[in-house]
Novice: 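After the structure tokens below, expect a handful of questions from me.
None of the values given here were measured: they were computed from a predicted structure. Computation of the quantities below employed the complete heavy-atom set of this structure, encompassing side-chain atoms and omitting hydrogens, waters and symmetry-equivalent molecules.
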Amino acid sequence: AGLVMSQWSRLYLGRRFGLLPANRGIVTGGPFRIVRHPIYAGWLVLTVGFLMAYPSLLNLAMVVIALLFMIWRIALEEELLRADPAYRAYCATTHYRLVPGII
């Protein structure tokens with residue numbers, strides 16, 4: 001489910017997808033109607049599933065460390081995008097970053 005969510009989101013972004021944070025246009029449809037960062041949400045589902053299948057302290061530590069970096073990356077992206085009025089309007093309608101109802 002996490003892999004499908006991430007790939008669907010990447011495909012939905014099309015040419016707007018990039019490795020470095022940049023404003024390549026605001027996408028508000030498809031999976032981006034549910035959460036602001038569906039690629040990261042899919043990755044989170046995927047890694048939690050991996051952790052459930054292969055539980056260990058090392059795997060838990062790796063997921064927590066990766067999650068902290070993901071949160072940092074989200075903060076960097078949103079800081080850059082908040083300069084765009086279209087992104088601020090999108091944030092007003094799509095409240096959650098990763099998990100609807102939680103964060």
Novice: Take atom CZ of Arg33 as the centre, draw a 6.0 Å sphere, and report whether it contains more than 12 heavy atoms from other residues, nucleotides or ligands.
Specialist: no
Novice: Please check if Leu76 and Phe69 belong to a single hydrophobic cluster, counting links between Ile, Leu, Val, Met, Phe, Trp and Tyr side chain heavy atoms closer than 4.5 Å.
Specialist: yes
Novice: Under the side chain to side chain contact (heavy atoms under 4.5 Å, CB included) rule, what do Glu77 and Tyr40 come out as? Steps first, then yes or no, please.
Specialist: CA-CA 12 Å; Glu77 287 181 7; Tyr40 298 135; 2.6 Å; yes
Novice: So, the side chain of Ser6 versus the backbone of Leu3: is there a donor-acceptor pair under 3.5 Å, distance only?
Specialist: no
Novice: Is there a path of hydrophobic side-chain contacts, each under 4.5 Å between heavy atoms of I, L, V, M, F, W or Y residues, that connects Val99 with Val48?
Specialist: yes
Novice: Are Ile71 and Ile102 connected, step by step, through hydrophobic side chains (Ile, Leu, Val, Met, Phe, Trp, Tyr) whose heavy atoms are closer than 4.5 Å?
Specialist: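 Same cluster.
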Novice: Closest heavy-atom contact between Trp43 and Ala66?
Specialist: CH2-CB, 3.3 Å
Novice: Distance from Leu51 atom CG to Ser56 atom OG, nearest 0.5 Å?
Specialist: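 The OG atom of Ser56 is 7.0 Å from CG of Leu51, to the nearest 0.5 Å.
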Novice: Distance from Arg73 atom CZ to His37 atom NE2, nearest 0.5 Å?
Specialist: 10.0 Å
Novice: For Gly30 and Tyr12, work out which heavy atoms get closest and say how close.
Specialist: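 Answer, listing the atom of Gly30 first, then Tyr12: N-OH, 3.3 Å.
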Novice: Pick from Ile74, Val45, Val35: which one makes a side-chain contact (heavy atoms from CB on, under 4.5 Å) with Leu98?
Specialist: Ile74
Novice: Once you measure the plane-to-plane angle for Tyr54 and Phe50, does it fall in the parallel (<30°), tilted (30-60°) or perpendicular (>60°) bin?
Specialist: tilted
Novice: Run the side chain to side chain contact (heavy atoms under 4.5 Å, CB included) test on Thr28 and Phe32 for me, step by step, so that the C-alpha distance in whole Å, both residues' side-chain angles and the decisive distance to 0.1 Å come before the verdict.
Specialist: CA-CA 5 Å; Thr28 60; Phe32 294 88; 5.6 Å; no
Novice: With clusters defined by side-chain heavy atoms of hydrophobic residues (ILVMFWY) lying less than 4.5 Å apart, directly or transitively, does Met5 cluster with Leu46?
Specialist: no
Novice: Tell me the closest heavy-atom pair linking Ile26 and Asp84, and the distance in Å.
Specialist: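 Answer, listing the atom of Ile26 first, then Asp84: CG1-OD2, 3.7 Å.
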Novice: With clusters defined by side-chain heavy atoms of hydrophobic residues (ILVMFWY) lying less than 4.5 Å apart, directly or transitively, does Ile34 cluster with Val27?
Specialist: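 Result: no, two separate clusters.
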Novice: Say you draw a straight line from CZ of Arg36 to CD of Glu78; how long is it, rounded to the nearest 0.5 Å?
Specialist: 4.0 Å
Novice: Could you tell me which non-hydrogen atom of Arg82 sits nearest to which non-hydrogen atom of Tyr87, and how far apart they are?
Specialist: N-CD2, 4.0 Å
Novice: What's the verdict on side chain to side chain contact (heavy atoms under 4.5 Å, CB included) for Met70 and Leu44, showing C-alpha distance, side-chain angles and the deciding distance?
Specialist: CA-CA 9 Å; Met70 183 172 45; Leu44 183 62; 4.3 Å; yes
Novice: Taking atom CG of Leu68 as the centre, does the number of heavy atoms from other residues, nucleotides or ligands within less than 6.0 Å exceed 12?
Specialist: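 Yes, CG of Leu68 has more than 12 neighbouring heavy atoms, counting only those of other groups under 6.0 Å.
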